[in-house]
Engineer: 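Next up is a structure, given as structure tokens.
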Amino acid sequence: MKLLFFKFAPTILAAAGLLGGLGGFLLDAYAPAKLGIFLWSLVSLVQLMAGFALGKVMQKLHYGMYHDALTGLRNRFYFYERMAEEMERMKRTNSPLSLAIIDVDNFKSINDRHGHMVGDKVLKQLAVIFENNVRASDCVVRWGGEEFAVILPGTDHQGALRFAERIRKNVESFNFFIGRGTCFKVTVSAGIATIIEEQMDLERVVELADKALYKAKEKKNSVAIIEGALIICS
């Protein structure tokens, strides 16, 4: 029933508005005064309910547009909007801005050995770890698959490195519960890029963070950061 409502919401709400207007016209033209008050109240209630339903529809659409369905984190669509905003703010305030891209090590083997349902549980628990280790001003995003991105406003390369190391250690020490009393360990690798030039565009920042991540993945359970032309691994 709910799915049908969302599917036909524009038609349902348009019809409700049309019937409300028509009802108002008929009441004004033909209904006795006392009955008219009652019916006007009824029409107003119907329109109020239709407005509330429309609000819920818009709320659901907005949430789905900007959030990942599995983890509840922000999604890549939101990432590009937020990152563009933070880069504009960086230019105005001359404050540092860093990006961390975090990838689960050997995630394919988790899916192959335990199944995709277990893999999904791991991603959900990782999302909680990430959210518990960021500031209110930071933004955690599910980048795609087993990759996550964290926007770190006001954070230079040293602060970003400390953040990524804290995440790496917390994940490494965490017992991932997969049901029936079974737990296992997971590690992550992270690549960091810090914007050092106002002319650097968003795609370049992502490219540098991804390049650092690729280097970190060679070691596994490590963090790599771009510093000038060098990639330094922890």
Side-chain angles (χ1 to χ4, degrees), residues 66-68 71-108 122-123 126-172 174 186-234:
Y66 288 110
H67 289 80
D68 172 59
T71 62
L73 297 176
R74 300 288 189 170
N75 59 19
R76 189 184 289 207
F77 184 80
Y78 179 85
F79 167 84
Y80 282 105
E81 287 194 7
R82 176 67 180 273
M83 193 66 179
E85 291 174 3
E86 294 297 343
M87 291 181 74
E88 286 300 316
R89 183 178 292 111
M90 179 206 69
K91 293 175 184 178
R92 293 195 307 270
T93 62
N94 198 32
S95 59
L97 174 63
S98 295
L99 171 66
I101 299 182
I102 304 169
D103 186 86
V104 184
D105 295 328
N106 302 313
F107 187 71
K108 185 178 183 300
V122 169
L123 294 176
L126 279 170
V128 174
I129 294 174
F130 295 154
E131 288 197 306
N132 287 341
N133 283 276
V134 297
R135 305 164 300 180
S137 59
D138 299 334
C139 179
V140 186
V141 171
R142 187 180 179 198
W143 186 247
E146 69 273 22
E147 286 190 344
F148 300 83
V150 186
I151 302 172
L152 301 163
T155 306
D156 60 17
H157 68 282
Q158 291 179 338
L161 184 59
R162 287 193 297 270
F163 161 79
E165 275 295 327
R166 185 170 70 250
I167 288 287
R168 184 191 65 77
K169 290 176 182 177
N170 284 347
V171 172
E172 184 181 28
F174 187 80
V186 171
T187 62
V188 296
S189 297
I192 299 169
T194 299
I195 301 176
I196 55 175
E197 301 174 4
E198 289 190 1
Q199 296 77 15
M200 190 181 293
D201 62 24
L202 196 159
E203 294 297 335
R204 179 58 177 163
V205 178
V206 173
E207 180 185 344
L208 290 174
D210 201 50
K211 186 177 180 181
L213 174 63
Y214 182 80
K215 193 67 177 179
K217 293 288 289 183
E218 291 180 355
K219 277 183 69 175
K220 301 282 193 307
N221 193 24
S222 66
V223 177
I225 185 168
I226 296 281
E227 286 190 8
L230 299 176
I231 302 178
I232 301 173
C233 290
S234 64

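Residues: numbered from 1 along the sequence shown. Predicted model only: the values in this text are computed from it and were never measured.
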Engineer: Taking only residues two or more places apart in sequence, or in another chain, which ones meet Lys220 in a side-chain hydrogen bond (donor to acceptor under 3.5 Å, both in side chains)?
Structural biologist: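 By the side-chain hydrogen bond (donor to acceptor under 3.5 Å, both in side chains) rule, Lys220 matches no residue at all.
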
Engineer: List the residues meeting side-chain contact (heavy atoms from CB on, under 4.5 Å) with Arg89, not counting sequence neighbours, and say none if there are none.
Structural biologist: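 Testing Arg89 for side-chain contact (heavy atoms from CB on, under 4.5 Å), a comparison that skips the adjacent residues, returns Glu86, Arg92, Thr93.
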
Engineer: Which heavy-atom pair separates Val150 from Ile102 by the least distance, and what is that distance?
Structural biologist: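 Of all heavy-atom pairs spanning Val150 and Ile102, the closest is CG2-CD1, 4.1 Å.
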
Engineer: List the steps, then state whether side-chain contact (heavy atoms from CB on, under 4.5 Å) holds for Tyr80 with Glu203.
Structural biologist: CA-CA 9 Å; Tyr80 282 105; Glu203 294 297 335; 3.7 Å; yes

Engineer: Any idea which heavy atoms bring Cys139 and Arg82 closest together, and the distance?
Structural biologist: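 Closest approach of Cys139 to Arg82, heavy atoms only: CB-NH1, 3.6 Å.
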
Engineer: Report the residues that fulfil side-chain contact (heavy atoms from CB on, under 4.5 Å) with Asn170, sequence neighbours left out, ordered by chain and then residue number.
Structural biologist: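 Per chain and number, Asn170 pairs via side-chain contact (heavy atoms from CB on, under 4.5 Å) with Ile129, Asn133, Arg166.
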
Engineer: Using the test side-chain hydrogen bond (donor to acceptor under 3.5 Å, both in side chains), find all partners of Glu81 that sit at least two apart in sequence or belong to another chain.
Structural biologist: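 With sequence neighbours excluded, Glu81 shows a side-chain hydrogen bond (donor to acceptor under 3.5 Å, both in side chains) to Tyr66, given in chain and number order.
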
Engineer: Please name all residues satisfying salt bridge (Lys or Arg N to Asp or Glu O under 4.0 Å) with Lys108, sequence neighbours left out, ordered by chain then number.
Structural biologist: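 Here the qualifying residues are Asp112.
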
Engineer: Under 4.5 Å between any side-chain heavy atoms of Pro96 and His157, yes or no?
Structural biologist: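 In short, these two side chains do not touch, never coming nearer than 4.5 Å.
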
Engineer: Could you check whether any side-chain N or O of Lys217 sits under 3.5 Å from a backbone N or O of Ala212, counting only pairs where one atom can act as donor and the other as acceptor?
Structural biologist: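 Looks like no, no N/O pair under 3.5 Å.
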
Engineer: Can you pull out every salt bridge (Lys or Arg N to Asp or Glu O under 4.0 Å) where at least one residue sits in residues 139-152? Sequence neighbours excluded, please.
Structural biologist: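 Checked against salt bridge (Lys or Arg N to Asp or Glu O under 4.0 Å) - neighbours excluded - the pairs reaching residues 139-152 are Asp68-Arg142.
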
Engineer: Check Met90 against Ser95 and note the closest heavy-atom contact, atom names and distance.
Structural biologist: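 What the structure gives for the nearest pair is CG-O, 2.7 Å.
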
Engineer: Report yes or no: do Thr187 and Asp105 form a side-chain donor-acceptor pair below 3.5 Å?
Structural biologist: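 There is such a pair (donor and acceptor under 3.5 Å, judged by atom type) between the side chains of Thr187 and Asp105.
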
Engineer: With a 4.5 Å heavy-atom cut-off, do Phe79 and Leu202 have their side chains touching?
Structural biologist: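 In short, these two side chains touch, coming nearer than 4.5 Å.
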
Engineer: Do any N or O atoms from the side chain of Ser189 and from the backbone of Asp103 form a donor-acceptor pair under 3.5 angstrom?
Structural biologist: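 Checked: no pair found.
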
Engineer: Determine the minimum heavy-atom distance between Ala216 and Ser222, stating which atoms define it.
Structural biologist: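 Shortest heavy-atom contact: O-OG, 2.9 Å.
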
Engineer: Does Phe174 have any ring pair (Phe, Tyr, Trp, His ring centres under 6.0 Å) partners at least two apart in sequence or in another chain, and if so, which?
Structural biologist: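 Applying ring pair (Phe, Tyr, Trp, His ring centres under 6.0 Å) to Phe174 gives Phe176.
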
Engineer: Could you tell me whether Tyr78 atom OH has more than 12 heavy atoms of other residues or ligands within 6.0 Å of it?
Structural biologist: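 Atom OH in Tyr78 is crowded, with more than 12 foreign heavy atoms closer than 6.0 Å.
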
Engineer: Evaluate side-chain contact (heavy atoms from CB on, under 4.5 Å) for Val206 paired with Leu99, printing each intermediate quantity in order.
Structural biologist: CA-CA 8 Å; Val206 173; Leu99 171 66; 4.1 Å; yes

Engineer: Considering residues at least two apart in sequence or located in another chain, which fulfil the side-chain hydrogen bond (donor to acceptor under 3.5 Å, both in side chains) criterion with Asp210?
Structural biologist: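 In terms of side-chain hydrogen bond (donor to acceptor under 3.5 Å, both in side chains), with neighbours along the sequence ignored, Asp210 is linked to no residue.
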
Engineer: Give a yes or no on whether a salt bridge exists between Arg204 and Asp201, defined as a side-chain N under 4.0 angstrom from a carboxylate O.
Structural biologist: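 No, Arg204 and Asp201 are not salt-bridged.
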
Engineer: Heavy atoms only: give me the nearest Ala193-Ala209 pair and the separation to one decimal.
Structural biologist: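 Heavy atoms of Ala193 and Ala209 come nearest at CB-N, 3.6 Å.
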
Engineer: Thinking salt bridges, do Lys169 and Glu172 make one under a 4.0 Å N-O criterion?
Structural biologist: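 Not counted as a salt bridge, because no side-chain N and carboxylate O are separated by less than 4.0 Å.
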
Engineer: Would Arg162 and Glu165 pass as an ion pair if we require N to O under 4.0 Å?
Structural biologist: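 Glu165 and Arg162: not salt-bridged.
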
Engineer: Could you check whether any side-chain heavy atom of Ile151 comes within less than 4.5 Å of a side-chain heavy atom of Leu97, counting everything from C-beta outward?
Structural biologist: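 Contact flag for Ile151/Leu97 side chains = yes.
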
Engineer: For Val128, which residues count as a side-chain contact (heavy atoms from CB on, under 4.5 Å) partner, sequence neighbours excluded?
Structural biologist: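 By the side-chain contact (heavy atoms from CB on, under 4.5 Å) rule, Val128 matches Asn132.
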
Engineer: List the atom of Val141, the atom of Leu73, and the distance in Å for their closest heavy-atom pair.
Structural biologist: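 Shortest heavy-atom contact: C-CD1, 4.4 Å.
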
Engineer: Output every pair passing salt bridge (Lys or Arg N to Asp or Glu O under 4.0 Å) with a member in residues 151-160, not counting sequence neighbours, ordered by first then second residue.
Structural biologist: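 Passing the test, one end in residues 151-160: no pairs.
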
Engineer: In terms of the angle between their ring planes, are Phe130 and Phe148 parallel, tilted or perpendicular, with boundaries placed at 30° and 60°?
Structural biologist: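 Phe130 and Phe148: perpendicular rings.
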
Engineer: Is there a side-chain contact between Val171 and Leu126 in this structure, where contact means two heavy atoms from C-beta onward sitting under 4.5 Å apart?
Structural biologist: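 They are in contact (side-chain heavy atoms under 4.5 Å apart), so the answer is yes.
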
Engineer: Report the residues that fulfil side-chain hydrogen bond (donor to acceptor under 3.5 Å, both in side chains) with Glu131, sequence neighbours left out, ordered by chain and then residue number.
Structural biologist: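 Not a single residue meets the side-chain hydrogen bond (donor to acceptor under 3.5 Å, both in side chains) criterion with Glu131.
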
Engineer: Just to verify, what does Ala160 make a side-chain contact (heavy atoms from CB on, under 4.5 Å) with, not counting sequence neighbours?
Structural biologist: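 Listed in chain order: Ser98, Leu152, Thr155, Ile192.
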
Engineer: Let me see the working for Val186 and Asn106 under side-chain contact (heavy atoms from CB on, under 4.5 Å), right down to the final yes or no.
Structural biologist: CA-CA 9 Å; Val186 171; Asn106 302 313; over 6 Å; no

Engineer: Test your reading of the model: is there a side-chain donor-acceptor pair from Arg76 to the backbone of Trp143, 3.5 Å cut-off?
Structural biologist: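 Such a contact is found between Arg76 side chain and Trp143 backbone.
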
Engineer: Find the distance between CD1 (Ile225) and NZ (Lys215) and round it off to the nearest 0.5 Å.
Structural biologist: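 Reported value, rounded in 0.5 Å steps: 15.5 Å.
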
Engineer: How long is the span from the CZ atom in Arg135 to the CZ atom in Phe163, to the nearest 0.5 Å?
Structural biologist: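 The CZ atom of Arg135 sits 8.5 Å away from the CZ atom of Phe163.
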
